[in-house]
There are 2 protein chains.
Amino acid sequence: MASAHISISRINLSHRSISPGLSGKRRYTTIARVAQNQSYWESIQSDIDSHLKKAIPIREPLTVFEPMHHLTFSPPRTSASALCVAACELVGGNRADAIVAASAIHLMHADIYVHDNMLLTDRVEPRPTIPHKFEPQIELMTGDGIMPFGFELLAGSIDPASNNADKILRVIIEISRAIGSEAMVSDQDYEANIDQSSGQQIHRLHESGAACGAILGGGNEEEIERLKKFGLYAGKIQGLLNKMGKNEEGKIELIEKWRALALKELEHFDSKKIEEISSIVTGDSLKFSCVGN
Amino acid sequence: MASAHISISRINLSHRSISPGLSGKRRYTTIARVAQNQSYWESIQSDIDSHLKKAIPIREPLTVFEPMHHLTFSPPRTSASALCVAACELVGGNRADAIVAASAIHLMHADIYVHDNMLLTDRVEPRPTIPHKFEPQIELMTGDGIMPFGFELLAGSIDPASNNADKILRVIIEISRAIGSEAMVSDQDYEANIDQSSGQQIHRLHESGAACGAILGGGNEEEIERLKKFGLYAGKIQGLLNKMGKNEEGKIELIEKWRALALKELEHFDSKKIEEISSIVTGDSLKFSCVGN
């Protein structure tokens, strides 16, 4: 998948730029950490995929559920989903608390991806690629069904035993804002305008993913707010990486700036999970998010 | 608006067919009741519109909120929204308990309407009409933002004083199912196939509107289930009325059959509101739903 390869090479490039001249033991340790973090994100993604496969089985009527299954799993994964789980674990929550919200975020992302992939004929290269197994009308209708299904999953994750209704409603507000009018409201600052076409929705989905994870994991208000900002910077980096290749002037510097701002938000936390979640903006672990099914 | 006039004439026609030969006092009483019921639906619709106008003011940035406002208020109103309020009142709830859900249902309907109006070039006459003030791409993106905004409104209507979080989550499930995969799953029976093109979403939105109103009004499980069925028949009637004009063979009979089934569900209720809610399937009051802003 073209976009995946481009992102991976960019990430490796930017990783090298902040880790010059490694050798011997330090180099070995870095590689080991990279592998460990990579495995962390892969295990999260694997759990999200398993949940989605149970939630959207291929069943009768096939005319509905075959395209729905296809359009759910064909788009590349988004790191916004995994960030939701990582944020939950960072504040001390269990993975199971965030897995439904992470799955819902993937569904929102899939809906956006299907729309972008169909309609933006003037999109800047690299264009997203998705195998078109069905008629455009079917794909569009199915995309329209995927988004509400995400909300259905979320609302259905109420658990009287854990008295989580208030948290779920707050998560629904976060996600609906991320994909709704807030995503369409363009930031007026220069930085945002540079990568306008990468989509406010990518930023917002990461911002809301991190916030939702913190909410569901039982984080306090300050933790939620800090992880929300961390998610926003992670989303901005992801958005810019997705379209690296043209007009790169100033972009590497922007990524470095956002990365520093993101990492600053994590200073507040005292957890061994910091290294794992931070790797989403330091480079190597991002690549999982660009690999399709 | 063409579709409005066609629906009104059909409704009047069907009303005459079940009230032949009225004269004198009875005729006067019928007219008075019609006016009273009409005023009931109009007052509900007015309250829903007021709520929506507060929720979606025209504000900066105008590039986002002007099309959002336009696409919210341009489509004809749907009786599914008003049915939500009427069902709430029928089971003894207050109008205020259902007004947010009714507004959210209108937003879902507006999103569906914008999509239908843009994409179904092979639609059976009468085609829906909507003034196109903005570029198609803007209208489609705005439609995509309207649906999540409906969920945001719903989730935001949590009220700790009334401890309504569980009810709201159930309402979110009802509505997301109505506009999601369930709406795409075609009924396999003959009756449904007759009016396939009127859209399962119209049926489901009415079904869910009535169910949501009953849930929010504090109805018991039997009341919710009966009003859900009532809503489904009301939606089927509305869907068929929307496309009356071609292939009418058998349709009048179908409407009469669905109307009888709908009214049967109401026999369970002991409330002076029965007459008001029942008028949504007996004819005259339906016309409000076809009048644009």
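Interface check for chain A: of the options Asp166(B), Ile175(B), Ile173(B), Leu153(B), the most heavy-atom pairs under 4.5 Å are formed by Ile173(B). Heavy-atom pairs under 4.5 Å with chain A were tallied for Ile112(B), Ile158(B), Ile168(B); the largest tally goes to Ile158(B).
With rounding to the nearest 0.5 Å, the separation of CD1 in Ile179(A) from CD in Glu152(B) is 10.0 Å. Here the CZ-CZ distance, from Phe151(B) to Arg177(A), works out to 15.5 Å after rounding to the nearest 0.5 Å.
Contact detail for Pro148(B) and Ser176(A): the closest heavy-atom pair is O-CB, 3.1 Å.
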Test side chain to side chain contact (heavy atoms under 4.5 Å, CB included) on Ile172(B) and Leu169(A); report intermediate values, then the result.
CA-CA 10 Å; Ile172(B) 289 174; Leu169(A) 285 169; 3.9 Å; yes
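Counting non-hydrogen atoms of other residues, nucleotides and ligands closer than 6.0 Å to CG of Asn220(A) gives a total above 12.
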